[in-house]
K.L.:
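Take a look at the following structure, please.
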Amino acid sequence: MFEPTIWRFGRTAQPWREMQRLQNEVNRLFSGASQAVGQDYPPINIWMGQDDLIVTAEIPGVKVENIDISVIGDRLTLNGYREIISLKEGESYHRQERNYGPFSRTLQLPFNVNATKVDAKYDKGILTITLPRAEEDKPKKIAIKSE
Amino acid sequence: MAEIKKDIQKQPASAAQETEWTRSRQVYTPKVDIYETKDAIVMLADMPGIDEQSANVTLEKGVLTIQGNAIPETYKNKSIAYYEYDWGDYHRAFTLSDEVDKDKIEASVKNGVLKLVLHKAKQAKAKKIQITKE
């Protein structure tokens, strides 16, 4: 019924052109550029040492004053807020892929942390938190006396 | 599909040419926001782990390429116990239209976000045309 010749006339609709556009759009979606957030934000890495650990988190473009870190016992909580760009009148978005708004994440660490000695820095969009193990939580070596 | 394509005279621009990489590191596509102001187009790209030294912006034949090489994290006497993100290279390319003044592109990096300000070319700015009475 629908032979290809029918589409030769320019006046008729050209569904494949529309399909092509859709396909390109879908390809762009799956290229990783506009990946949906399926995981907890922010993504973190944990580095283990002998008596401390380092937690790093990728949080680009956040003001330092908008990041809040708290430690209670063996729980580390990261709270933060990424400000949305407020466009002036007459300005418009062409594309918006980056995420905005508040985020919160709590991690359970393998040991209790000495909260007073926690150190954090934010550089190049990466938050680095150094968490030393609490003194009373460190394993004690027990000397064996020989009789 | 291949036969149908021939019938169409013009093709909408597809994504920039994909190339393969010789480095073994993972390449990421940074997420971008693009917005237009009165006299510029502003582009923001999330590239955590890069600074002004490790970011690269090039413009060649109308294709603007943003690149960055995040330096891998390493810590003395520590081993990675758990990871959710990886370090790698960033790469993304955009085709610029004529409305951008190609000699006037500003780039800056702050907190792992690359910001590009592409000023609009003179002729692209709206010109008011005087109407005279005959």
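Letters go in sequence order (proteins before strands), and every chain restarts at 1. Everything numeric in this text was worked out from a predicted model, so none of it was measured.
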K.L.:
Are any non-hydrogen side-chain atoms of B:T37 and A:K88 less than 4.5 angstrom apart?
P.N.:
no
K.L.:
Between B:I71 and chain A, with a heavy-atom cut-off of 4.5 Å, which part of the residue counts as in contact: side chain, backbone, both or neither?
P.N.:
side chain
K.L.:
To the nearest 0.5 Å, how far apart are CE in A:M48 and OH in B:Y82?
P.N.:
14.5 Å
K.L.:
After noting the C-alpha distance and the side-chain angles of A:T128 and B:Y75, does the key distance pass the side-chain contact (heavy atoms from CB on, under 4.5 Å) rule?
P.N.:
CA-CA 11 Å; A:T128 308; B:Y75 298 100; 3.5 Å; yes
K.L.:
Ion pair present between A:E97 and B:R92, side-chain N to carboxylate O less than 4.0 angstrom?
P.N.:
yes
K.L.:
Just give me the residue among A:V55, A:V62, A:I59, A:I85 that pairs up with chain B most often, heavy atom to heavy atom, under 4.5 Å.
P.N.:
A:I85
K.L.:
A:I54 and B:E73: side-chain contact (heavy atoms from CB on, under 4.5 Å), yes or no, with the steps?
P.N.:
CA-CA 11 Å; A:I54 294 174; B:E73 296 164 12; over 6 Å; no
K.L.:
What pair of heavy atoms forms the shortest contact from B:G112 to A:P60, and how long is it?
P.N.:
O-CB, 3.8 Å
K.L.:
Does A:I72 CD1 have over 12 foreign heavy atoms under 6.0 Å away?
P.N.:
no
K.L.:
When rounded to the nearest 0.5 angstrom, what is the spacing between CG in A:D123 and CG in B:D51?
P.N.:
7.5 Å
K.L.:
Side chain, backbone, both or neither: which part of B:I80 has a heavy atom under 4.5 Å from chain A?
P.N.:
both
K.L.:
Which pair of heavy atoms, one from B:E84 and one from A:N45, lies closest together, and at what distance?
P.N.:
N-OD1, 3.0 Å
K.L.:
Find the distance between NZ (B:K78) and CG (A:L53) and round it off to the nearest 0.5 Å.
P.N.:
8.5 Å
K.L.:
Please walk me through it: do B:Y85 and A:I126 pass side-chain contact (heavy atoms from CB on, under 4.5 Å)?
P.N.:
CA-CA 11 Å; B:Y85 71 88; A:I126 294 173; 3.9 Å; yes
K.L.:
Among B:L44, B:D46, B:D86, B:I50, which residue has the highest count of heavy-atom pairs closer than 4.5 Å to chain A?
P.N.:
B:D46
K.L.:
Enter the distance from A:R95:CZ to B:F94:CZ here, rounded to the nearest 0.5 Å.
P.N.:
6.0 Å
K.L.:
Please classify the contact between B:N77 and chain A as side chain, backbone, both or neither, with a heavy-atom cut-off of under 4.5 Å.
P.N.:
backbone
K.L.:
Side chains of B:D33 and A:Y100: donor-acceptor distance under 3.5 Å anywhere?
P.N.:
yes
